[in-house]
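One structure is given here, and the rest of the page talks about it.
Just so it is clear, the model here is predicted, and its values are computed rather than measured.
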Amino acid sequence: MRLTILGGGGFRVPLVYGALLGDRGEGRVTEVVLHDVDAGRLDAVTRVLAEQADGVPDAPAVRATTDLDDALRGAGFVFSAIRVGGLRGRAEDERVALAEGVLGQETVGAGGIAYGLRTVPVAVDIARRVARLAPDAWVINFTNPAGLVTEAMSRYLGDRVIGICDSPVGLGRRVARALGADPREAFVDYVGLNHLGWVRGLRVAGRDELPRLLADLDRLGSFEEGRLFGPEWLRSLGAIPNEYLHYYYFNRETVRAYQEAELTRGAFLRDQQARFYTDALRPGGSALRAWEDTRAEREATYMAENRESAGAGEREEEDLSGGYEQVALALMRAVARDERTTLILNVRNRATLAALDADAVIEVPCLVGADGAHPLATDPLPAHATGLVCSVKAVEREVLSAAESGSRETAVKAFALHPLVDSVNVARRLVDGYTAAHPELAYLK
């Protein structure tokens, strides 16, 4: 079976390939096609993968190409992890937003909207090409903003595009460990949008153990979300929010921390990864070692500004291992081999959340098998969470409309309606700033 990875020169591709190396049995991936618009990045990542595969019997063959149509033809699965504008674009998203005193994070607030406006037209083009060149392929979308991009692609691919994210997986794992439970034996009742969800229960052997955690402030403060949000706030919510909700609940403190940081996250990663791609291509050096060293630093500094503003300290060692590659592998196995399992995924709502329409992409536990991913029935969200979900989904719809129509006015509306943008005038200046910074937004008129 062939897996095509779009964004094949991306830094996290070796995580996916590493997971494939450990997979055995029928229906496994035997060929990986890497596609990227940057041939140099493809060369660097291909070298990392060659070192990973050294000595591994029957390692999936790897081929790299800059021709998108060539990459898509014959694919059984398409893994999309593109970054339109690169890390330079992410750094500009942060800079423009922070100059206006609002958040520029790549998936949340003004930065997320700017990234979405750049990415949706490209994602739509990819979806149309997949429908034409590989109509039987399943698309696994990790491109951020993952929920928004998955919804854009679903308009052309229907349920054959499924969004994934490692954030709910890590959260569920930490909650289970705090309760002394085996994460593999726990069902995580998680509901919301991508980077905007809450764990409302954790069932082990049919019993919800979350109330026991919420009743114990010491235990609540023992893991990352407890330190990030504070155990008292978690008890008030009656749920454990996704870490990205820190941008909403503690927005003022987070914006200040970002403004005071020596480098924004995007600028840090831009500089760090530039060094990696140079080191990986250096004759006589180990591309794999360069990647491993860079990855360790990247994971340790994840959401550093948030943790600093909350006094949350360093990340735990067990939280540095990522996880989205395991979600991707589990999803591929479930579909290709009909190994039915339950995964938290980004899929069309159908009738899961009554406050949203059937086509809205949400992030919830799904039953996955050969016929795709189907969201499980869930209880309604509380009013405060429903209001936030509906507000952000409305913004996503305005982004989709602006990307389709090229309307600058609609883009201003998307920014102005976001809960973390506090003025229509700020929204107008953001659109001015982003269109000046990003040639990809020249379509907005």
In the structure I gave you, are the side-chain heavy atoms of [X] and [Y] within less than 4.5 Å of one another anywhere?
| X | Y | value |
| --- | --- | --- |
| Leu49 | Leu34 | yes |
| Arg174 | Leu171 | yes |
| Val335 | Phe77 | yes |
| Val361 | Val347 | no |
| Tyr17 | Val45 | no |
| Ile162 | Val139 | no |
| Thr254 | Tyr249 | no |

Distance-only side-chain donor-acceptor flag, [X] / [Y], under 3.5 Å:
| X | Y | answer |
| --- | --- | --- |
| Thr294 | Gln273 | no |
| Glu297 | Gln272 | yes |
| Thr352 | Thr378 | no |

**Prompt:** Phe142 and Ile82: side chain to side chain contact (heavy atoms under 4.5 Å, CB included), yes or no, with the steps?
**Reply:** CA-CA 8 Å; Phe142 188 70; Ile82 63 174; over 6 Å; no
Locate the shortest heavy-atom distance separating [X] from [Y]; write the atom from each residue and the value.
| X | Y | answer |
| --- | --- | --- |
| Leu179 | Leu213 | CD2-CB, 3.6 Å |
| Leu430 | Ala97 | CD2-CA, 3.9 Å |
| Ala373 | Cys366 | CB-CB, 4.1 Å |
| Val32 | Pro60 | CG2-CB, 4.1 Å |
| Leu329 | Ala19 | CD2-O, 3.6 Å |
| Val368 | Ala334 | CG1-CB, 3.7 Å |

Parallel, tilted or perpendicular for Tyr244 and Tyr247, by the 30°/60° rule?
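Rings of Tyr244 and Tyr247: tilted, 30 to 60°.
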As a quick check of understanding, evaluate salt bridge (charged side-chain N to carboxylate O under 4.0 Å, His left out) for Asp432 and Arg408, giving each step before the final call. CA-CA 10 Å; Asp432 290 342; Arg408 185 185 187 93; 2.3 Å; yes
query = With sequence neighbours left out, what residues match Phe79 under ring-ring contact (aromatic ring centres under 6.0 Å, His included)?
reply =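 By the ring-ring contact (aromatic ring centres under 6.0 Å, His included) rule, Phe79 matches Tyr324.
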Residues forming a salt bridge (charged side-chain N to carboxylate O under 4.0 Å, His left out) with [X], sequence neighbours excluded:
| X | value |
| --- | --- |
| Glu398 | Lys413 |
| Arg155 | none |
| Arg184 | Asp182 |
| Arg95 | Glu92 |

Task: Full working for side chain to side chain donor-acceptor pair (under 3.5 Å) between Ser80 and Thr143 - done: CA-CA 6 Å; Ser80 179; Thr143 298; 3.1 Å; yes
- [ ] Evaluate side chain to side chain contact (heavy atoms under 4.5 Å, CB included) for Leu245 paired with Trp198, printing each intermediate quantity in order.
- [x] CA-CA 9 Å; Leu245 275 155; Trp198 297 262; 3.5 Å; yes
Inset, instruction - Flag the pair Phe11 / Tyr277 as yes when their ring centroid distance falls below 6.0 Å, and as no otherwise. - result: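 For Phe11 and Tyr277, the ring centres are not under 6.0 Å apart.
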Partners passing side-chain hydrogen bond (donor to acceptor under 3.5 Å, both in side chains) against [X] (at least two apart in sequence or in another chain):
| X | result |
| --- | --- |
| Arg340 | none |
| Thr46 | none |
| His35 | none |
| Glu363 | Tyr190, Asn194, Asn346 |

Considering only NZ, NE, NH1 and NH2 on the basic side and carboxylate oxygens on the acidic side, decide whether [X] and [Y] come within less than 4.0 Å.
| X | Y | value |
| --- | --- | --- |
| Arg270 | Glu94 | no |
| Arg337 | Asp23 | yes |
| Arg275 | Asp271 | no |

| task | Output every pair passing salt bridge (charged side-chain N to carboxylate O under 4.0 Å, His left out) with a member in residues 142-153, not counting sequence neighbours, ordered by first then second residue. | result |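 Only Glu151-Lys393, Glu151-Arg397 qualify under salt bridge (charged side-chain N to carboxylate O under 4.0 Å, His left out).
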Gap separating the OG1 atom of Thr264 from the CZ atom of Arg90, nearest 0.5 angstrom: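 The CZ atom of Arg90 is 8.0 Å from OG1 of Thr264, to the nearest 0.5 Å.
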>> Tell me whether the count of non-hydrogen atoms from other residues, nucleotides or ligands lying under 6.0 Å of CD in Gln259 goes above 12.
In response: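 Atom CD in Gln259 is packed in, count exceeds 12.
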Please check: side-chain N/O of Ser154 versus main-chain N/O of Leu157, any donor-acceptor pairing under 3.5 Å?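 No, Ser154 side chain to Leu157 backbone: no donor-acceptor pair under 3.5 Å.
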task = Start with the C-alpha gap between Glu185 and Arg203, add the side-chain angles, then the distance that decides, and say whether salt bridge (charged side-chain N to carboxylate O under 4.0 Å, His left out) holds.
result = CA-CA 9 Å; Glu185 298 176 359; Arg203 295 200 290 273; over 6 Å; no
Check residues 110-128 and write down every donor-acceptor pair under 3.5 Å in which the side-chain atom is one partner and the other belongs to a residue at least two apart or another chain.
| residue | atom | partner | partner atom | Å |
| --- | --- | --- | --- | --- |
| Arg118 | NE | Val84 | O | 3.1 |
| Arg118 | NH1 | Asp93 | OD1 | 2.9 |
| Arg118 | NH1 | Asp93 | OD2 | 3.0 |
| Arg118 | NH1 | His438 | NE2 | 3.2 |
| Arg118 | NH2 | Val84 | O | 3.4 |
| Arg118 | NH2 | Asp93 | OD2 | 3.2 |
| Thr119 | OG1 | Tyr115 | O | 2.7 |
| Asp125 | OD2 | Arg129 | NE | 3.0 |
| Arg128 | NH2 | Tyr156 | OH | 3.2 |

Could you check Thr107 against Asn144 for side chain to side chain donor-acceptor pair (under 3.5 Å), going step by step and ending with a plain yes or no? CA-CA 6 Å; Thr107 62; Asn144 277 325; 5.6 Å; no
**Message:** Going by side chain to side chain contact (heavy atoms under 4.5 Å, CB included), name the residues that satisfy it together with Ala330, two or more places apart in sequence or in a different chain.
**Reply:**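 Expected list: Leu343.
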Begin with the C-alpha distance, continue with both residues' side-chain angles, and end with the deciding distance and a verdict on side chain to side chain contact (heavy atoms under 4.5 Å, CB included) for Arg295 and Glu292. CA-CA 5 Å; Arg295 178 179 170 241; Glu292 289 172 338; 5.8 Å; no
- Message: Evaluate Val191 against Leu353 for side chain to side chain contact (heavy atoms under 4.5 Å, CB included), listing each step before the verdict.
- Response: CA-CA 9 Å; Val191 182; Leu353 292 179; 3.7 Å; yes
Would you sort out whether Asp166 and Arg173 count as a salt bridge (charged side-chain N to carboxylate O under 4.0 Å, His left out), showing the intermediate values? CA-CA 11 Å; Asp166 51 355; Arg173 191 169 56 215; over 6 Å; no
